[in-house]
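Counting starts at 1 for both ligands and their atoms, following the listed order. Note that the structure is predicted; figures quoted are calculated from it, not measured.
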Amino acid sequence: MKRPRNPTPPFPLQPEPTGLIFERSRAGRAGTAVPRPLVARPATDVLPAAALRAEPPRLPEVPESEVMRHYVELSLKNHHVDRALYPLGSCTMKYNPKVNEDMARLPGFGLLHPMSPDGEIQGALRLMHTLGKWLTEIAGMDAITLEPAAGAQGEMTGIFLIHAYHVSRGEERRKVVIIPDSAHGTNPATAALAGLTVRSLKSDARGQMDLAALMAALGPDTAAVMLTNPNTLGRFETDVVEIARLVHEAGALLYMDGANMNALIGVARPGDFGVDVMHYNLHKTFSTPHGGGGPGSGPVAVKRPLEPFLPVPIIVREGERYRRVWDRPKSIGKMHGFLGNFGMHVRAYTYISMLGREGLRATAEAAVLNANYLAARIEARYPLPYGRGMHECVASGTPFKQSGVRTSDIAKRLLDYGFHAPTIYFPLIVPEALMIEPTETATKDELDRFADALLEIAEEAEQNPELVTAAPHTTPVRRLDEAAAARNPNLRYAFDD
Ligand SMILES: *Cc1c(COP(=O)(O)O)cnc(C)c1O
């Protein structure tokens, strides 16, 4: 088989075949010294005999240097933003400045006890209050909660707020949530989980909300319309002002999924174009890390009429003091323990402070420019069914189907070139979708390398399709049975003896 012409990732994927850490273990080697307990009590004093293990655990015995190398090697077998481009559309995998991490680890933040009284955490409350004010201002809204732990939980909070609002007006019958078919799967899942009914709306030929279909769907049972803007095709909903007018005329509220706010910050404000409730994803727009299950943060900003329903506690400022307020009779209650994922708040606060107004705007502009530059470089080979957009571009791999190459093959082949694959097969309304979001932190050189790789793969797909369909060739593991890998993962080390 022909070797890939450019199979060399930034550095080799597998430095040295050193084996698993269990294979490096030698009896008696140690990288740490565990202090002896001051009071030695037999374990059976504390635990029932049935809970005690018969033999000590077979932990690898290695010096600190080997432990370090073990983790460094593992990190190189993975792909991550600190290694190379991670253009996962809809996920905004931008580089996370390390100063954010330093700030979140300051002992005054990192070691706070979540049950400390207000008087002892004035700095933390002030930081949250200020971050809330900034996020409210950036969104053009009136009030905010930082409590939700992710975008999806922010949606849930937002839908609860909307429901509480309708109930407070004697309009409990409003149970339908209208959602376009380009939406992220969490939108319909949220509405259904909240006990409301989802009505899906087909997007129009522009890949935007179809106004005629919206008008036909709106009615006295409509609770809300959930709109993502820019939407998951990367398109700005240019009719949003008209959409807001129609929604309000029908007595419903407009929810905006703000996961794509990285295209808008400092440029346009959802509150100004008619949005009533929106969530942010701090772990996308404001560079806090994500992946591997979190932690995330999904603040929800609202217009004044929804403020009484916000989760408790809210943080208020009284002169130079900050205080948590629980006595909020109309509140929907608590959405997350304590004050949410506070470490994420510190990171987002740091990011916004570092950039300032002009800097934030510049990130949005660069994110949009980068996506459009990439789109322009690849569109001759990878058509864009809905055209170019904002911060991401959704291309289609259909031209390669005739040589037996699917989008999933192209994604796997990209790994050989040292890139993480983009999001694929989403949004569902684009056949063989490749959803690419380079983010503003990609340099032009990196965008060019990525575009070159895609163009090279397009060439390979025509000249030598087996090279692509058998990819990846350079990763520690090749093609997996993906269903079996998810359902029957083989994660236990089997000892020989
Ligand atoms: C990421 C994303 C969500 C969900 O956010 P999580 O933080 O992953 O729960 C919702 N909508 C859109 C458009 C997204 O990109």
Side-chain angles (χ1 to χ4, degrees), residues 81 86-94 96 135 139 145-160 177 179-194 198 200 203 207-209 224-237 240 254-265 270 275 277-301 335-336 340-341 343-345 347-348 364 367 371 386 389-394 422-430 433 435-439:
V81 276
Y86 204 138
L88 212 50
S90 199
C91 290
T92 314
M93 301 297 287
K94 62 168 87 172
N96 303 307
L135 294 175
T145 173
L146 303 182
E147 209 171 281
Q153 208 196 11
E155 291 171 29
M156 189 73 148
T157 306
I159 292 297
F160 284 166
V177 181
I179 305 176
D181 60 0
S182 63
H184 195 276
T186 49
N187 290 193
T190 294
L193 206 59
V198 176
S200 177
S203 303
Q208 293 180 206
M209 186 170 261
V225 170
M226 284 181 102
L227 190 69
T228 307
N229 202 14
N231 66 27
T232 50
L233 290 163
R235 309 269 308 169
F236 188 81
E237 294 280 355
V240 66
L254 183 58
Y255 182 96
M256 190 179 111
D257 179 329
N260 296 333
M261 274 299 283
N262 58 317
L264 299 188
I265 41 175
V275 169
V277 187
M278 66 164 269
H279 79 261
Y280 282 105
N281 296 57
L282 295 190
H283 47 290
K284 293 179 183 171
T285 307
F286 297 101
S287 88
T288 69
H290 61 304
S297 184
V300 175
M335 290 302 293
H336 189 273
N341 284 331
M344 296 294 110
H345 305 153
R347 290 173 173 92
Y386 292 98
M390 302 274 291
H391 63 297
E392 57 197 3
C393 64
V394 183
T423 297
I424 56 173
Y425 300 109
F426 178 79
L428 304 175
I429 53 179
V430 171
M435 186 195 206
I436 310 172
E437 179 175 5
T439 84

Closer than 3.5 angstrom, by distance alone: can the side chain of Tyr255 be matched with the main-chain N or O of Ala224 as a donor-acceptor pair? no
Sub-4.0 Å atoms of ligand 1 with respect to non-hydrogen atoms of Glu155: 10 (C), 11 (N)
Using a 4.0 Å cut-off to any heavy atom of Ala150, which atoms of ligand 1 qualify? 7 (O), 9 (O)
If you compare His290, His279, His283 by their heavy atoms, the one closest to atom 7 (O) of ligand 1 turns out to be His283
Per side-chain contact (heavy atoms from CB on, under 4.5 Å), Ser182 is matched among Asn187, Leu227, Asn231 by Asn231
Using modelled atom types and a 3.5 Å cut-off, is there a donor and acceptor pairing between side-chain atoms of Glu437 and backbone atoms of Ser90? yes
Is there a side chain to side chain donor-acceptor pair (under 3.5 Å) between Asn96 and Ser287? Walk through the geometry before answering. CA-CA 5 Å; Asn96 303 307; Ser287 88; 4.5 Å; no
Would you mind running through ligand 1 and noting each atom that sits below 4.0 Å from a heavy atom of Thr186? 3 (C), 4 (C), 10 (C), 11 (N)
Between Leu193 and Met156, is any pair of side-chain heavy atoms under 4.5 Å apart? yes
Is there at least one pair of N or O atoms, one from Thr232 and one from ligand 1, spaced under 3.5 Å apart? no
For the 3.5 Å polar cut-off, considering only N or O atoms, please tell me whether Asn187 and ligand 1 meet it. no
If we number the atoms of ligand 1 from 1 as shown, the ones under 4.0 Å from a heavy atom of Ala259 are 2 (C), 11 (N), 12 (C), 13 (C), 14 (C), 15 (O)
Return the closest protein heavy atom for atom 6 (P) of ligand 1 as residue, atom name and distance. Gly151 N, 3.4 Å
List the closest protein heavy-atom neighbour of atom 3 (C) of ligand 1: residue, atom name, distance to the nearest 0.1 Å. Lys284 NZ, 3.5 Å
Element-labelled atoms of ligand 1 that are located less than 4.0 Å from some non-hydrogen atom of Asp257: 10 (C), 11 (N), 12 (C), 13 (C)
Proximal ligand 1 atoms for Asn281, defined as those under 4.0 Å from one of its heavy atoms: 1 (C), 5 (O), 6 (P), 7 (O)
For the side chain of Asn260 and the backbone of Pro230, is there at least one donor-acceptor N/O pair under 3.5 Å apart? yes
Test item, Gly298 contacting ligand 1 (heavy atom, 4.0 angstrom): no
For atom 9 (O) of ligand 1, the closest protein heavy atom turns out to be Ala152 N, 2.8 Å
Any donor-acceptor pair under 3.5 Å linking the side chain of Arg347 with the backbone of Pro289? no
For the pair Asp181 (side chain) and Ser203 (backbone), establish whether a donor and an acceptor sit closer than 3.5 Å, ignoring hydrogens and angles. yes
Test Met226 against every option in Val177, Asp257, Val277 by the side-chain contact (heavy atoms from CB on, under 4.5 Å) rule and name the one that passes. Val177
